[in-house]
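Have a look at the structure below before the remarks.
These numbers come from the heavy atoms of this one structure, side chains and all, not from hydrogens, waters or symmetry mates. Below, chains carry the letters A, B, ... as their sequence lines are ordered, and counting in each starts from 1.
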2 protein chains.
Amino acid sequence: MHGYRGKILRANLSDKSFKVEPLDLERAKKFIGGRGLGAHMLLEEIDPSIDALSPENKIIITTGPLTGTPTPTGGRYMVTTKSPLSDVATSSNSGGHWGAELKFAGYDAIIIEGKSDTPVYISIEDDQLEFRDAKHLWGKMVSETTATIKSESADKSRILTIGPAGENLSRIAAIMNDYDRAAGRSGVGAVMGSKNLKAISVKGSSQPELYDREGLKSAVSAINKTIRENDTTGTGLPTFGTAVLVNIMNENGVFPTRNYQTSVFEGSNDISGETLAEKYLVKNEACFRCPIACGRYCKTDEVEGGGPEFETIWAYGAACGIDDLEEIIKTNYWCNEVGVDTISAGTTVAAAMELYEKGYIKDEQLDGIPLAFGDANGIVEWTKRMGSREGLGDLLAEGSYRLCDHYGVPELSMSSKKLELPAYDPRGIQGQGLAYATCNRGGCHVRGYVVSPEVLGNPEKIDRFATEGKAKWAKFFHDQVAFIDSLGLCVFTSFAIGAEEYCQMYNAACGTDHTEDSLREAGERIWCVEKIFNLRAGLTMADDTLPKRLLEEEIPEGPSAGHVNRLAEMLPEYYELRGWDNKGIPTTERLKKLMLTEEFGE
Amino acid sequence: MHGYRGKILRANLSDKSFKVEPLDLERAKKFIGGRGLGAHMLLEEIDPSIDALSPENKIIITTGPLTGTPTPTGGRYMVTTKSPLSDVATSSNSGGHWGAELKFAGYDAIIIEGKSDTPVYISIEDDQLEFRDAKHLWGKMVSETTATIKSESADKSRILTIGPAGENLSRIAAIMNDYDRAAGRSGVGAVMGSKNLKAISVKGSSQPELYDREGLKSAVSAINKTIRENDTTGTGLPTFGTAVLVNIMNENGVFPTRNYQTSVFEGSNDISGETLAEKYLVKNEACFRCPIACGRYCKTDEVEGGGPEFETIWAYGAACGIDDLEEIIKTNYWCNEVGVDTISAGTTVAAAMELYEKGYIKDEQLDGIPLAFGDANGIVEWTKRMGSREGLGDLLAEGSYRLCDHYGVPELSMSSKKLELPAYDPRGIQGQGLAYATCNRGGCHVRGYVVSPEVLGNPEKIDRFATEGKAKWAKFFHDQVAFIDSLGLCVFTSFAIGAEEYCQMYNAACGTDHTEDSLREAGERIWCVEKIFNLRAGLTMADDTLPKRLLEEEIPEGPSAGHVNRLAEMLPEYYELRGWDNKGIPTTERLKKLMLTEEFGE
């Protein structure tokens, strides 16, 4: 067994049993691992019609074949489950060190089933497995929980946990690991909470075997050099973190402001990566074997900790009309403590601000806490309340779609498939809009970052206002990210390297014989498996869309003024390139080509 | 007050009193801060003839004016004291985060005086100052001590501590901070131990004011870019850490092996930075605001933690004839736990190996622990014993000079001024030999790294076997490091930037009006203050020398075969360039030029 460890841990919370099952290596290789393997397990094990917060849902945690190997960024894990936010097949991934440690403990994956009567956590130390009482941890913030479990565990154990938001079934709750790393999106933390599972500690003591250690060594050495010499991964991200994008997006007029009412933010310089680096940055933080180290560790007079990322700065900044970076850093700290996805949390506050501005939310609901665009004084408290569900926080904890729907105006939620959109206005970046609308887990940028060619000019500069040819780009990125996520690597590596390099690493580590084409095809296969789950969950072509505002209201000012997203011009071609019919249903022919006829048994 | 904080904390351990004194800003600026200010305080406050381990010695901890500012690597602190190893004015500096935190607490420096009756630690939280009982910490390893004090202190406090080596007055004991960062050289940890001071915890909540925030911001932005684009600081050090030098030095035949008996190590590839990165590296670690992140964090099946550095790999590797990298990583871990300088510890073991090989140390002294060149099985245990002083460890804890002197063969100690030499054989790098021999604190490479032009070709390549012109280079680096150390920055920045950039940062942060020339002159002034202390301590020209082996025995093989160090050809010119007489005594004329006549009151 090379790269993979060959074991899956099945933990049943209802009867407190563990079962160690062999990994089906053939299946693992067909779907690579990580996200792909998780998606296929979800399809096999879960009825797509279940309530995501019922004991019937499962949490599938997978590592990739390169997780825990000497490859750059090879430390990621993926959480796959039915999303309580978007009600579709979701997976959410995270860096840090927890994923590599799980691999060192000897497991490729954990499948968590059922529901415990009382709060517990799972302790894994190689083959020593325990369910432990977590009553003393319930209600505790992420850092206190992490520190307490560390003191109860083997030296240097890595901790994955939920905060109060997950316990209280906030649909935007994250799973946190290593204190400040998050499997953030789509409410995976609430699924843990629904099972009364507070945390998983893990400590391992052996490394995966490698097929061709020398070959991998020389490939990794060259790839590390390429990553360090690339402008984005070698200079931009290490120097300013992801927030290097604040000024770039604003200068292009695609920096959504005040819940997407405009897309130019007058305060952008005050919240830029440059300002962050100058005033608050303490150090860079690197995940397991990462040569980029985009992670920030910041300090204000009141708090210090990991982050904030670009998306967080945008969500609580421009999206809320706020230019107070210090308050944003504090709010980011509390997002990590209560355990919520910063994108969904910040944009849900932004949606609430518009609801308040338009009179749907009344002053008497606020308990005196500010909720006006531009007012930074309430964002810490609203974030804490999304964790505790106190007062209006109870509605905010549901995410922006259910919040706006509660007031009868779901169109004010800037989301797709109920997942809040991130910091790139698709009215000025046409292809990104298509990628949002067609994304299996909902409005997401990391699953297909067409911003890269449309705005950043990587790997080539294309016209961001054109719709022609964008379907090809969206599919390209969707499939590419699918295989990167499945290998266990970070998508940021793809700014510098491509399928050729990923093949080199996968083949050397695992003895596979992938070509660039076969790796891309594996990506497409994985995408299709997620799609099949969603179709079975009842989604249709009508769900592949964007908020009405972005399709009908022009950006009112700035370099992208006058544009809406012209999704309808792009969607048919995207379906066609995928080999789907004009309703977005995969054809039998394409399923055959992808070796998925068994999976699509209808 | 800009850059500086304006306050010095004086802590008297004998009567448990604290006094906060104003910083003499004029003096601070004359000696910059950090190392320069510390050296001048030492000269003013300490009788150079005292026993370094007596209560009359003081520990002077200084930050630089750029410590805790947004400058790259601006997080360093300096410990100045009389060295119990070399019996001269020493200072030892460290990165991590502790130094910046002290600045945030509002202090430029701490002066520690006297001796406590019982073990204590000092707790600093802004202006809340406490001596606290440390009986429960005495005898504890560095990581346990750090974790315990953290649990007793304000959230995110930074901890500086000694391990058992410092408590037991090992003359090669380090002061550790942030778990795995070390003010390593010259036994500063023993001075803390001699005072019954176990640790200092610090937490601060305000930042230094800056003279020209915008000017500093743009200077720092450009300098960070330069650092990231430089081959050494942007690629070599981040990718492989300092251990990138293993193969380079070995290929030049200047990689001292088996206590300098040869200088080519057959096992060098097994202990290289490349092998470290491939097999054991978990992530890079960055100190406060460092864009380089040369720090390694490694994991074996048994231990994980910070390091190892190049020097550690060499000292326990080639110097001991050992090619087992995993055992070296473990030994590095234990060096950090017991708190010893890895260079002095490893080379003292190497000297002991030669004493054993030559029959001075007998089998019956070993308690069954291997002490032969090339045998990795004893190095962890010998390291622990340097901390506990058990058995032969009692002699090893004295450092290599006193160890060899005990057996009547001090010439087998590869040291200068009793400080063990590092990993560059001066027989094949002539200028480096001069820099070792003339270094105020003894055989040290970081105080003047002539290796840079002689081997690495930075800023230009010069003939490493020539002696001509080397005095100029040694003085250049000695003075340059003196001002970098005094500013509070890391010397590694100087691979990429020069006096011009340091001036830009210092002037913008503090409102000084330094030119390149005046900054270099400040460096020379600082060097001269240390020299004055040493002269008063009784040192003479005879101490500016190298081990007999390096002056008389040719390297027997490899690319530097046939060479000895020709110190005598270089020393007179070095004195002359410094404006010292032919016995190495500063002339009144030069003292006047350096505005030091007051200090040299004889």
Side-chain angles (χ1 to χ4, degrees), chain A residues 68-70 72 75 96-97 100-101 104 143-144 147 150-151 155-156 203-207 210 213-214 216-218 220-221 224-225 227-229 231 234-236 238-240 274-275 277-293 295 297 299-305, chain B residues 68-70 72 75 96-97 100-101 104 143-144 147 150-151 155-156 203-207 210 213-214 216-218 220-221 224-225 227-229 231 234-236 238-240 274-275 277-293 295 297 299-305:
Chain A
T69 71
H97 295 266
E101 200 70 35
F104 297 152
S143 64
E144 188 181 347
K150 272 180 174 280
S151 73
D155 190 34
K156 314 267 163 139
K203 179 72 174 74
S205 65
S206 66
Q207 296 195 24
L210 300 171
R213 182 171 276 281
E214 281 307 307
L216 185 65
K217 185 179 173 179
S218 75
V220 164
S221 178
N224 271 328
K225 192 160 183 291
I227 290 173
R228 291 210 193 275
E229 288 173 355
D231 275 353
T235 301
T239 308
F240 299 119
E274 293 80 347
T275 302
E278 187 230 339
K279 286 194 179 166
Y280 302 104
L281 182 67
V282 170
K283 61 173 173 178
N284 287 15
E285 280 200 325
C287 294
F288 180 81
R289 280 186 172 275
C290 175
I292 306 171
Y297 186 96
K299 181 181 162 101
T300 70
D301 290 354
E302 284 181 45
V303 302
E304 66 173 279
Chain B
T69 71
H97 294 267
E101 201 70 36
F104 297 153
S143 65
E144 187 181 346
K150 272 181 173 281
S151 74
D155 190 35
K156 314 269 160 136
K203 179 74 173 73
S205 65
S206 65
Q207 296 195 22
L210 300 170
R213 183 171 275 280
E214 281 308 307
L216 185 65
K217 184 178 173 178
S218 74
V220 164
S221 178
N224 271 328
K225 192 160 183 291
I227 290 173
R228 292 211 192 274
E229 289 172 355
D231 276 354
T235 301
T239 308
F240 300 119
E274 292 81 348
T275 302
E278 186 230 341
K279 285 193 180 166
Y280 302 104
L281 182 67
V282 171
K283 60 174 173 176
N284 287 15
E285 281 200 324
C287 294
F288 180 81
R289 279 188 173 275
C290 175
I292 306 171
Y297 185 95
K299 181 181 162 103
T300 70
D301 291 352
E302 284 182 45
V303 302
E304 67 172 278

Is [X] close to chain B through its backbone or its side chain, or both, or neither, when contacts mean heavy atoms under 4.5 Å?
X	result
A:Ser221	side chain
A:Ala100	neither
A:Glu144	neither
A:Lys203	side chain
A:Pro291	neither
A:Phe104	side chain
A:Val282	both

Determine the option with the most heavy-atom pairs under 4.5 angstrom with chain A, choosing from [options].
options	answer
B:Thr300, B:Thr235, B:Leu281, B:Val220	B:Leu281
B:Thr239, B:Asn284, B:Asp155, B:Asn224	B:Thr239
B:Pro70, B:Ser206, B:Ala147	B:Pro70

For the candidates A:Glu302, A:Glu285, A:Lys299, which exhibits the highest count of non-hydrogen atom pairs separated by less than 4.5 Å from chain B? A:Lys299

Options A:Glu274, A:Gln207, A:Lys217, A:Lys279, ranked by heavy-atom pairs under 4.5 Å with chain B, top entry: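 Of the candidates given, the most pairs with chain B belong to A:Lys217.
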
For B:Glu304 versus B:Tyr297, what's the shortest heavy-atom pair and its separation?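 Distance-wise, the nearest heavy atoms are OE1-OH, 2.9 Å.
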
Which heavy atom of B:Ala277 sits nearest to which heavy atom of B:Phe240, and what is that distance?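 That would be CB-CD2, 4.0 Å.
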
To the closest 0.5 Å, what do you measure between [atom1] ([X]) and [atom2] ([Y])?
X	Y	atom1	atom2	value
B:Lys156	B:Ser205	NZ	OG	15.0 Å
B:His97	B:Phe288	NE2	CZ	8.0 Å
B:Cys290	A:Lys283	SG	NZ	11.5 Å

Please look at B:Ala286 and chain A and tell me whether the side chain, the backbone, both or neither of the residue comes under 4.5 angstrom of a heavy atom of that chain. both

Residues that B:Lys225 engages under salt bridge (charged side-chain N to carboxylate O under 4.0 Å, His left out), provided they are two or more places apart: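 Testing B:Lys225 for salt bridge (charged side-chain N to carboxylate O under 4.0 Å, His left out), a comparison that skips the adjacent residues, returns B:Glu229.
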
Carboxylate-amine/guanidinium proximity below 4.0 Å for A:Arg213 and B:Glu278: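 B:Glu278 and A:Arg213: salt-bridged.
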
